[in-house]
Amino acid sequence: MAPPPLEPSKSVVDPFEAALLRARYLQRPSGMEWVRVPTLKDARPSTSFFSQTAEQQSHSEAMTDRLRAVEACGLLDPSSALDRLVPMFDDGDEEVRDAAAAQAVQTDLAALLERLLTSMTADPLSTERMDLLPAFEPYLSDGVLDIFTATDLPPSRRMAAARLLGFMGARCATESLAREAQSADVEWATVCAQSLDQLGDPAAVKPWIALLPHPVFEIGAMAVEALATSGGRLAFEAIKGVVLSPAPPSEKLRARAVQALGHWPAADAGPVLVVLMESNPGFVDVAYQSLRALTGRDFGAQTKAWRDWFEAGMPAEQKEQAPAESPTP
């Protein structure tokens with residue numbers, strides 16, 4: 001016969017007492033002074049007790065204490081927990097930052113999103129926080145994208161959302177950011193282009209090509225650099241078009257595109273530079289210096305010599321042989 005079911009326990013551990021015991025246990029090794037606990041019978045420690053404890057630990061020089069502070073935030077209500085956790089996104093230790101992020105996504109995601117949007121107004125963000133923000137992408141990207149695309153919201157809020165999308169690496173926003181980067185509003189277009197650049201989305205080649213003729217030089221230059229980084233034939237043809245265009249958006253952008261050709265093999269980029277040298281007197285020296293850096297050869301500004309060398313398959317330099325010595329009599 002099966003044993004009879006166990007009787008439910010007569011004693012139920014009070015959650016406040018359990019939390020207090022856990023917090024005391026965690027604190028014991030560090031020797032940090034604790035907030036005095038009420039001694040009256042049936043008194044219960046309030047959430048302010050845990051909040052003060054987490055505050056003490058979060059400012060400790062010992063990483064283990066700060067990790068305990070992160071864990072202690074699980075005892076607080078979401079608002080109080082985020083008060084403690086968000087500043088720890090800038091902690092100097094990666095382990096503490098990661099633990100704070102993991103705890104934060106267990107709180108109120110809407111409140112967390114608001115705090116991160118507010119932090120986008122800080123200039124500059126700490127390197128530690130920028131490195132951490134991609135951890136929130138799976139949890140917050142859809143909500144941030146909704147704010148970014150909501151045209152009835154204040155521009156400042158949408159701009160904060162644009163920045164957050166970039167820092168999080170939310171590639172779901174690639175098309176939206178690329179579309180808004182075409183805006184005639186210089187500040188808005190620049191922020192969107194910068195965020196698009198931060199995404200590093202290899203699928204964004206066509207959007208970047210569309211941004212090459214943007215009237216704002218900084219945006220066109222970002223497009224050139226992004227295409228050079230992504231590589232590939234489609235990107236190469238777009239850069240080549242800027243280099244050889246009779247009327248590019250600007251000569252500064254043409255010069256930037258010439259530099260970008262260095263990301264491709266000499267067999268592809270070299271002939272383009274030769275054509276530039278032949279067709280644009282103002283870029284003869286730039287093209288010549290680029291050819292030297294790209295190939296390690298030096299034919300001066302002689303376009304025919306360069307063209308013949310490329311058409312011959314870029315043969316290796318032939319070293320002159322020393323004359324043979326006469327045999328000794």
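- The only member of P87, P124, S119 that meets side-chain contact (heavy atoms from CB on, under 4.5 Å) when paired with R129 is S119.
- Hydrophobic cluster membership differs between L85 and L164, with clusters built from Ile, Leu, Val, Met, Phe, Trp and Tyr side chains linked at under 4.5 angstrom.
- A 4.5 Å side-chain heavy-atom check between C73 and R84 finds at least one atom pair inside the cut-off.
- T107 meets the side-chain hydrogen bond (donor to acceptor under 3.5 Å, both in side chains) test with no other residue; sequence neighbours excluded.
- In this pair, F89 and F136 present their aromatic rings tilted. The plane angle is within the 30 to 60° band.
- Looking at S80 and D77, their side chains do bring a donor and an acceptor atom within 3.5 Å of each other.
- Looking at D93 and R97, no side-chain N of the basic residue comes within less than 4.0 Å of a carboxylate O on the acidic one, giving no salt bridge.
- Ring geometry for W309 against W306 counts as perpendicular: the plane angle is over 60°, on a 0 to 90° scale with 30° as the lower cut.
- Side-chain contact between F283 and V243: absent, with no pair of heavy atoms (C-beta onward) separated by less than 4.5 Å.
- Note on E175 versus R179: no salt bridge recorded, every NZ/NE/NH1/NH2 to OD/OE distance being 4.0 Å or above.
- For the pair D83 and R115, the salt-bridge criterion is met [side-chain N within less than 4.0 Å of a carboxylate O].
- A salt bridge links R307 and E278; the closest N-O separation between the charged side-chain nitrogens and carboxylate oxygens is under 4.0 Å.
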